[in-house]
Amino acid sequence: MVEWVTSTFQEYMAFYARYAQQQWSHMTPARYGVILVSIGIFGWLLMKSSVKKC
């Protein structure tokens, strides 16, 4: 059972690693910009919702 779960997990991780590598290799400037803006907005939201020290 453990071998089956490990094998399945490794297959999924290999698939997603190949998919991410393919997407990164064929990225357009517009898609890269969208990623940067998304990271910026996400970071801003995290900083805005953080606990403020008085």
Side-chain angles (χ1 to χ4, degrees):
M1 176 69 176
V2 174
E3 295 85 16
W4 179 78
V5 171
T6 304
S7 173
T8 303
F9 179 75
Q10 287 174 345
E11 289 178 25
Y12 274 102
M13 291 309 296
F15 169 79
Y16 286 115
R18 283 191 308 271
Y19 179 76
Q21 180 61 39
Q22 180 186 18
Q23 293 300 313
W24 185 259
S25 296
H26 302 289
M27 187 175 297
T28 62
R31 190 179 295 173
Y32 187 72
V34 168
I35 290 173
L36 288 178
V37 169
S38 300
I39 291 171
I41 291 171
F42 183 69
W44 179 74
L45 288 172
L46 285 176
M47 288 189 298
K48 189 169 175 65
S49 67
S50 68
V51 176
K52 295 178 174 67
K53 291 184 179 181
C54 293

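What you are looking at is a predicted structure, and each value in this text was computed from that prediction instead of being measured.
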With the 4.5 Å side-chain cut-off for hydrophobic clustering, are Trp24 and Tyr19 part of the same group? no
Does the side chain of Ser25 come under 3.5 Å of the side chain of Gln21 through a donor N or O and an acceptor N or O? yes
Could you measure the distance from the OH atom of Tyr12 to the CZ atom of Phe9? Nearest 0.5 Å is fine. 12.0 Å
With a 4.5 Å cut-off on side-chain heavy-atom distances among I, L, V, M, F, W and Y, is there a chain of contacts connecting Val37 to Leu45? yes
Non-neighbouring partners of Ser38 that pass side chain to side chain contact (heavy atoms under 4.5 Å, CB included), sequence neighbours left out: Val34
Is it true that Ile35 and Ile41 fall in one hydrophobic cluster, defined by side-chain heavy atoms closer than 4.5 Å? no
Say you draw a straight line from OG1 of Thr6 to CE of Met1; how long is it, rounded to the nearest 0.5 Å? 10.0 Å
